[in-house]
Amino acid sequence: MATIDEKRTGTSPFHRGEQAVQDRYGLKDQMDAFGRKVVRSYMPDQHRDFYAGLSFLVIGTADEEGRSWAGVVSGPPGFLSSPTSTNLVSAALAHMAEPTRAGMRPGAPIGLLGIDPTNRRRNRMNGTLVRVDETGFEVSVTQAYGNCPQYIQVRGSDAAQAGVGRSPVLTESGSALSTRARDIIRTADTFFIATQYAEAGADAQVQGVDVSHRGGKPGFVKVEADDTLVVPDFSGNKHFNTFGNIHVNPRAGLSFIEFETGAILYLTGHAEVVYEGAELDAFRGAERLLRFRPEDMRLVDGVMDQQWSLVEPSPFLEETGSWEEVDRILGADAARNAWQAFTVVEKVQESETITSFHLVPADGGPVWTYEAGQYLPIRLSAPGVAAPLVRTYTLSDLPKANGYRISVKREAEGAGSSLLHDQFSVGDRIDVMAPRGDFTLEREATRPLALISAGVGITPMIAMQNTTIAEGVARGAVRPTLFLHGARNGGEMAFGAHLQALSSAVSPLETHIRFSQPEESDRLGWDYDAPGRIGAEVLKDLLPNDLDVDVYLCGPSGFMAATYASLRDIGIPKERIAYEHFGPSTILEPDDLPGETSPEEGGPGHPVTFEASGLSVDWRASQGTLLDTALAAGLAPMHSCRNGVCGTCATRLVSGDVSYVGTPVADVGPDEVLICSAQPKGEAPVVLDL
């Protein structure tokens, strides 16, 4: 956090690096207002009393070479005092063996963190050293504020040990991690990180230093072969002091306390923040990753006056993952195109026509990661079914670590949905392939969100809504969301109770349900908000006046076509409208069709010949895929999933070229194409062995 007024933006307590990271998550204005209330230029009395009762103080400094170091000053309770609300005095220095001592000189910035492991309480302070001598040091306070207790492990100590003098001994040093250093890191559940704020080329005095706590399950810090440390970062207070500093100055220092012995491992080096990637996606609970490359190591025994033992891990860590879990997930991702057995562990009736199936791996292993909006390929085998049926169903909940939920509508002509509803129950097994699909929620966007659906199109919207709320709650700011859904009546309305509960509990969520044919038992104002269908007037009334909104659309093809047209008519740009489509025939913007040729009605078509049948036709964009074209010509090619997953429609390509909508995954021969996802490409006529 900045300690020099010139480095702040206006009167904000946050410097430009912190603001940049806050802005990345749409929190800049919110945190600016919050920071002005809680960040003080003095210590309240309760903070002064708190520091006076501590037996150690975490410090962050920058040495004369500009390197960051995190360390500890320890002593009997009372070794810290505050003669005034703007001064903190320590009757002990950082031990001479500690590298933090090199950065302690009058006029230098310092970061302080008071932490009491017995009750998880902690306070932060930034200031300037005004005195450093053999008796201790004194800090003039620049900023002081309290910190939340998340991720702090409760520890106890022997009070009789407090103040017992120790003799710090530098036992190891060097540029590479030693075996003991690696062991300390790999078993740690806590470390402290010092960072600094300084513009490139600025005088070393014109800077601020922060020191912060990080906690996790033992092993939450991964040590890579080249000594790089990788750490998950969980939801915190949203100040982003550490990452804001790294944004403008990558130098950082880490310290790992061996609480049972009093030894401390000190590291200094360079850090970077990872905001996306497979490892981040796979680490449960992580919002970012910190990568740290150590350049200098010091291991000092006998630093702490007291020995501490673990009493209770932080309850906030229960739902976080581990690097072992990440390895299993990424290993599973390597087999994304192979079928794996899953077990039905719960079957829930969501409406008269829609049933949810909860699936977990039959072998107890990890599940593939996915994004809200994607679908799950499944393969069904049952007595009386001649060949397995392959279908794809949208995942209807936010990503979870242990399984999937699909919510399936019983279709009158649907062999797959009828089989699921009638013959599959808890304990039965279903083959599953990794989730896929391009209709996904843009999670980093901050503008208001509109989720518009009808019928069973509600399934991806529930997943997107649940994800938006869960991530917003974790970040401290839920994205404003309109959930607009149309159903025939209450009997066909799925997830109604869930939507009512969320709209009551989450203020930025507005839910509007319309029934086109409400029953007498449907309660206006409770089960639904208005009769009728979703049309242009409804959209005008409910969407933001400035139309600055991201829209996601899913439902029956007729509903999507009409609603898409209404959205465009009222002024929503097409790049702000994402929609689920099931092949080219449901693409609502002709310009969105892939391939090099997209013949329109009235122009020359693309010649397609079905050689075995002796038929030749002109393909046009409006006809959709080659499968659609074959069906329209009166042919009956075998097909099933229509998503390039099952391979049932594989047909030999005699000549010509094709492009695919989406990325098919079914295995086909070198001269075969999946006609359910293919359309003509290039100028040469397409000839199929059909």
Is there a donor-acceptor contact under 3.5 Å from the side chain of [X] to the main chain of [Y]?
X: Q374; Y: G437; result: yes
X: R284; Y: E319; result: yes
X: K347; Y: H358; result: no
X: R405; Y: S396; result: yes
X: D428; Y: V344; result: no
X: T195; Y: I246; result: no
X: S503; Y: Q500; result: yes
X: D527; Y: R523; result: yes
X: T228; Y: E224; result: no
X: T343; Y: V345; result: no

Can you give me the closest heavy-atom contact between [X] and [Y], atom names plus distance?
X: I354; Y: S407; value: CG2-CB, 4.0 Å
X: P435; Y: L395; value: CB-CD1, 3.7 Å
X: F342; Y: V367; value: CE2-CG1, 4.1 Å
X: F559; Y: I452; value: CZ-CG2, 4.0 Å
X: H239; Y: E18; value: O-CB, 3.9 Å
X: L451; Y: M461; value: CD1-O, 3.7 Å

**Request:** Test side chain to side chain donor-acceptor pair (under 3.5 Å) on T353 and E492 and set out the steps.
**Result:** CA-CA 6 Å; T353 56; E492 295 192 7; 5.0 Å; no

**Message:** For Y404 and W368, take the angle between the two ring planes, folded into 0 to 90°, and tell me which bin it lands in: parallel under 30, tilted 30 to 60, perpendicular over 60.
**Reply:**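 Rings of Y404 and W368: parallel, as their planes differ by under 30°.
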
Do other residues, nucleotides or ligands put more than 12 heavy atoms under 6.0 Å from [X] [atom1]?
X: R410; atom1: CZ; value: yes
X: R447; atom1: CZ; value: yes
X: Q349; atom1: CD; value: yes

Taking the side chain as C-beta and beyond, is there a heavy-atom pair between [X] and [Y] under 4.5 Å?
X: T467; Y: I469; answer: no
X: I458; Y: F483; answer: yes
X: H498; Y: I462; answer: yes
X: I378; Y: I406; answer: yes
X: E325; Y: P366; answer: no
X: Y579; Y: T563; answer: no
X: S659; Y: Q679; answer: yes
X: V230; Y: R291; answer: yes

**Request:** Report the C-alpha separation of Q150 and S314 in whole Å, then their side-chain angles, then the decisive distance to 0.1 Å, and conclude whether the side chain to side chain contact (heavy atoms under 4.5 Å, CB included) test is met.
**Result:** CA-CA 7 Å; Q150 287 177 296; S314 167; 5.7 Å; no

**Prompt:** Is R214 close enough and on-axis enough to Y151, meaning under 6.0 Å and within 45°, for cation-pi?
**Reply:**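 No, cation not above the ring by the 6.0 Å, 45° rule.
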
How long is the span from the [atom1] atom in [X] to the [atom2] atom in [Y], to the nearest 0.5 Å?
X: L27; Y: T446; atom1: CG; atom2: OG1; value: 9.5 Å
X: L539; Y: I572; atom1: CG; atom2: CD1; value: 8.5 Å
X: N241; Y: N147; atom1: CG; atom2: CG; value: 7.5 Å
X: D522; Y: R488; atom1: CG; atom2: CZ; value: 12.5 Å
X: L419; Y: L380; atom1: CG; atom2: CG; value: 5.5 Å
X: E471; Y: L398; atom1: CD; atom2: CG; value: 8.0 Å

**Request:** Report the residue from I329, V326, L330 that forms a side chain to side chain contact (heavy atoms under 4.5 Å, CB included) with T369.
**Result:**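 Answer after filtering I329, V326, L330: I329.
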
**Request:** Let me see the working for S417 and E411 under side chain to side chain donor-acceptor pair (under 3.5 Å), right down to the final yes or no.
**Result:** CA-CA 6 Å; S417 66; E411 302 285 358; over 6 Å; no

**Item:** W323 ring center near F220 ring center (under 6.0 Å)
**Value:**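 They do not qualify: ring centres at least 6.0 Å apart.
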
**Item:** F357/F424 aromatic ring centres below 6.0 Å
**Value:** no

For the pair [X] and [Y], find out whether any cationic side-chain nitrogen is under 4.0 Å from an anionic carboxylate oxygen.
X: D550; Y: R479; value: yes
X: E279; Y: K222; value: yes
X: D233; Y: R288; value: yes

**Prompt:** Between N466 and D397, does a side chain to side chain donor-acceptor pair (under 3.5 Å) hold up when you go through it step by step?
**Reply:** CA-CA 7 Å; N466 290 353; D397 202 357; 2.9 Å; yes

**Request:** Pick out which of Y275, Y25, F14 makes a ring pair (Phe, Tyr, Trp, His ring centres under 6.0 Å) with F240.
**Result:** Y25

**Item:** Verdict with supporting geometry, R514 and V538, side chain to side chain contact (heavy atoms under 4.5 Å, CB included)
**Value:** CA-CA 10 Å; R514 299 182 76 86; V538 175; 3.6 Å; yes

**Message:** Walk me through whether R379 and D431 qualify under salt bridge (charged side-chain N to carboxylate O under 4.0 Å, His left out).
**Reply:** CA-CA 5 Å; R379 185 170 64 182; D431 289 336; 3.0 Å; yes

**Message:** Is there a side chain to side chain contact (heavy atoms under 4.5 Å, CB included) between H15 and N245? Walk through the geometry before answering.
**Reply:** CA-CA 9 Å; H15 64 65; N245 288 347; 2.7 Å; yes

**Message:** One pair to check against side chain to side chain contact (heavy atoms under 4.5 Å, CB included): F495 and E350. What are the steps and the verdict?
**Reply:** CA-CA 6 Å; F495 305 109; E350 306 289 1; 3.5 Å; yes

